[in-house]
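Here is the naming used below: chain letters follow the sequence lines, and residue numbers restart at 1 for every chain. Just so you know, these numbers use all the heavy atoms, side chains as well, and skip hydrogens, waters and symmetry mates.
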Amino acid sequence: MQVNVSGLKDIKEGEEVVLNGWLQEIRILKNISFIVLRDHTGTIQITSKPGLTTGYDVLSQMTRETVISVSGNLTRKTQSKSGVEVIAKSIEVLNASKSPLPLGIIDPVSADIETRLTNRFLDLRKPEVAMIFRIESELLWGMRQFFHDSDFVEVHTPKIVAAATEGGADLFPVQYFEKQAYLNQSPQLYKEMLISAGLNRVFEVGPAFRAEKHNTPRHLNEFTSIDIEMGFADHNDAMLMLQEGIKSGIRHLIAHRQEYIASLSQRIDVPEGDFPKITYRDCITKLESQGEIAKFGEDFTPEQLKIIGGEFQGFYFITEWPSSLRAFYTHPKPGDEKVSNSFDLQYREFEITSGAQRVHDPAMLEERLRSKNLNPEDFSFYLNAFRYGMPPHAGWGLGLERLSLIMLNLQNIREAILFPRDRTRITP
RNA sequence: GCCCCGGUAGUGUAGUGGCCUAUCAUACGGGCCUGUCGAGCCCGUGACUCGGGUCCAAAUCCCGGCCGGGGCGCCA
């Protein structure tokens with residue numbers, strides 16, 4: 001019977017099993033040999049002896065990470081520390097591995113992130129590395145379910161676009177036949193058009209591209225953005241949806257994959273209660289009381305965000321950002337138009353999400369475009385959607401890799417994406 | 001865009017002008033070992049990012065290229 005390593009717990013003493021996987025370690029002694037076989041569920045010791053095992057004589061030629069198929073009998077009457085092993089009847093090589101490995105899977109010496117990324121297929125064989133993506137998958141699944149259950153439609157908008165989302169530079173140009181096009185930095189404009197289209201609530205999980213030449217542990221040039229937009233809603237509705245979306249993702253992870261959580265060195269809990277909120281102005285007051293120079297209309301430095309983040313446990317919102325700091329589509333706060341109905345979701349010094357109530361009045365939108373030195377004519381495909389009945393609406397965009405980064409306490413965002421696109425890397 | 005730091009065996013490192021015929025670990029190859037499990041012990045293979053320059057002498061100093069890490073800006 002073919003089983004995974006994790007399935008061995010249900011196998012009776014002496015029963016014959018077939019295991020497929022990678023040869024993680026091999027130790028050949030004079031009259032007995034041990035192999036540690038690894039599959040995607042775990043590792044198991046395979047014991048073989050001359051005369052008992054077909055293929056014993058070629059064991060000494062087997063290299064680490066060779067793909068093998070083992071058949072044998074499970075026994076728990078073993079001296080192995082794991083308390084269970086398989087006595088091999090036969091060991092077959094399905095595909096040999098070259099040696100030496102460019103990156104050891106279980107070596108005591110750790111490799112640099114660069115070496116790991118250029119050999120990512122080997123790096124990902126480490127269970128703790130693969131676990132990042134298993135957890136990310138579960139978090140995302142839980143969030144997807146939440147949005148579906150909350151009447152959102154999952155959509156897919158173009159990644160090749162004609163105009164800049166927010167008018168700025170920092171886009172990757174692409175040649176689109178005879179036209180100049182760009183990789184989209186955000187699905188923002190399309191999400192909003194779908195509100196005019198009457199879909200009412202949309203969400204999208206997809207790539208976003210930023211041509212910023214940054215080289216930091218928290219930026220990628222291609223990342224995965226979880227975006228939502230909701231009609232007949234404001235920034236407070238959007239914040240609630242964000243809070244509940246994240247909670248649902250974590251709740252799903254905990255409910256369905258306790259074994260993942262157990263393998264981690266840190267705890268993951270569903271945050272209790274509402275995420276606290278602090279206004280931009282209150283942040284400034286707080287910083288000034290600590291001797292920091294923080295001027296209205298300027299973004300916080302990473303150092304300042306550490307100070308603010310130190311006031312909160314886990315997630316918190318910074319709300320009411322100056323209108324001058326936000327994109328043109330951000331709705332001003334009625335009666336206090338220097339600030340906006342906007343928010344960032346933060347975790348310590350990390351910005352996870354940016355969102356807002358959006359401008360829905362076409363005249364105000366044009367004015368806002370002009371105030372940002374953008375030409376409304378360049379946005380006519382977008383502005384048209386506002387001229388024939390656009391509901392008030394709000395939404396946000398969340399960086400999936402940043403969410404993984406903070407949930408798993410990773411030191412570098414490149415850890416949270418399979419094949420990072422950073423300042424210089426376009427392979428693998 | 002600005003600034004800082006780095007590149008030595010497959011991997012990770014030591015080394016700051018002569019003592020380097022380059023350290024150590026791990027990996028790899030061979031040997032010993034009836035049960036290992038971070039196996040152990042013995043032997044061995046294996047490296048100074050590239051191109052110029054300074055100097056009697058360069059892994060080490062200088063210039064440039066390439067590659068990488070980080071800080072700021074900007075942002076998810």
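No engagement by A:Glu401 is indicated, since no non-hydrogen atom pair under 4.0 Å with the nucleic acid exists. Among the atoms of the strands shown, only primed sugar atoms or phosphate atoms (P, OP1, OP2) are found under 4.0 Å from some heavy atom of A:Thr301.
One C1' atom belongs to B:rA47, the other to B:rC24, and the distance between them is 14 Å to the nearest Å. Going from the C1' atom of B:rC48 to that of B:rG17 covers 15 Å, rounded to whole Å.
Contact annotation: side chain of A:Glu212 to base of B:rG1, donor-acceptor pair absent below 3.5 Å. For B:rC72, the base has no donor-acceptor partner in the side chain of A:His214 [N/O atoms by modelled type, under 3.5 angstrom]. Between the base of B:rG35 and the side chain of A:Ser33 there is no donor-acceptor pair shorter than 3.5 Å. A donor and an acceptor atom never sit less than 3.5 Å apart when one is taken from the side chain of A:Gln79 and the other from the base of B:rU36.
Looking at the side chain of A:Leu29, the nearest of the listed nucleotides B:rG68, B:rG12, B:rA39 is B:rA39. When the nucleotides B:rG73, B:rU36, B:rG35 are ranked by their closest atom to the side chain of A:Arg27, B:rU36 comes out on top.
Remark: A:Lys98 is not in phosphate contact with B:rA27, judged by side-chain N or O atoms under 4.0 Å from OP1 or OP2. For A:Lys30 and B:rC33, the shortest distance from a side-chain N or O to OP1 or OP2 is below 4.0 Å. A:Thr63 has no side-chain polar atom (N or O) that falls below the 4.0 Å cut-off from OP1 or OP2 of B:rC28. Close to B:rC72, at under 4.0 Å from its OP1 or OP2, lies a side-chain N or O of A:Arg218. In terms of phosphate contacts, A:Ser225 brings no side-chain nitrogen or oxygen within less than 4.0 Å of OP1 or OP2 of B:rA76. Put simply, A:Thr47 has no side-chain N or O that comes within less than 4.0 Å of OP1 or OP2 on B:rU36.
Checking B:rC28 for Watson-Crick or G-U wobble geometry (two distances, each under 3.5 Å) identifies B:rG44 as its partner. The partner of B:rC72 is B:rG1, judged by Watson-Crick or G-U wobble contacts that both fall below 3.5 Å. Shown here, B:rC55 forms no base pair; nothing in the strands shown gives a Watson-Crick or G-U wobble contact with both key distances under 3.5 Å. B:rU13 is unpaired under the Watson-Crick or G-U wobble criterion, no partner having all donor-acceptor distances under 3.5 Å. B:rG6 is paired with B:rC67 under the Watson-Crick or G-U wobble criterion, all donor-acceptor distances under 3.5 Å.
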Run the numbers on A:Arg38 and A:Glu65 for salt bridge (Lys or Arg N to Asp or Glu O under 4.0 Å), then give the verdict. CA-CA 9 Å; A:Arg38 182 192 70 245; A:Glu65 296 306 312; 2.8 Å; yes

Assess the residue pair A:Glu85 and A:Ser80 against the criterion (side chain to side chain donor-acceptor pair (under 3.5 Å)); give the C-alpha distance rounded to whole Å, side-chain angles, the decisive distance to 0.1 Å, and a yes or no. CA-CA 7 Å; A:Glu85 66 183 5; A:Ser80 167; 4.9 Å; no

Show, in sequence, the C-alpha distance, side-chain angles and deciding distance for A:Asn4 and A:Ser6, and conclude whether the side chain to side chain donor-acceptor pair (under 3.5 Å) test is met. CA-CA 5 Å; A:Asn4 293 326; A:Ser6 66; 5.0 Å; no

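The CG atom of A:Asp344 lies 10.0 Å from the CZ atom of A:Phe317; values are rounded to the nearest 0.5 Å.
A:Phe146 has its ring centre no less than 6.0 Å from the ring centre of A:Phe152. If you look at A:Tyr329 and A:Tyr382, their ring centroids are not closer than 6.0 Å.
There is a side-chain donor-acceptor pair under 3.5 Å between A:Glu13 and A:Thr75.
The stacking criteria are not both satisfied for A:Phe34 over the base of B:rG35, which would need a centre-to-centre distance under 5.5 angstrom and an angle between ring planes under 30 degrees.
In this structure, A:Tyr347 places its OH atom 17 Å from C1' of B:rA76, rounding to the nearest Å.
The existence of a salt bridge linking A:Glu204 and A:Lys191 is excluded, since no basic side-chain nitrogen approaches an acidic carboxylate oxygen closer than 4.0 Å.
Within residues 402-415 of chain A, the residues having any heavy atom under 4.0 Å from RNA chain B are, by residue number, A:Arg402, A:Asn412, A:Arg414.
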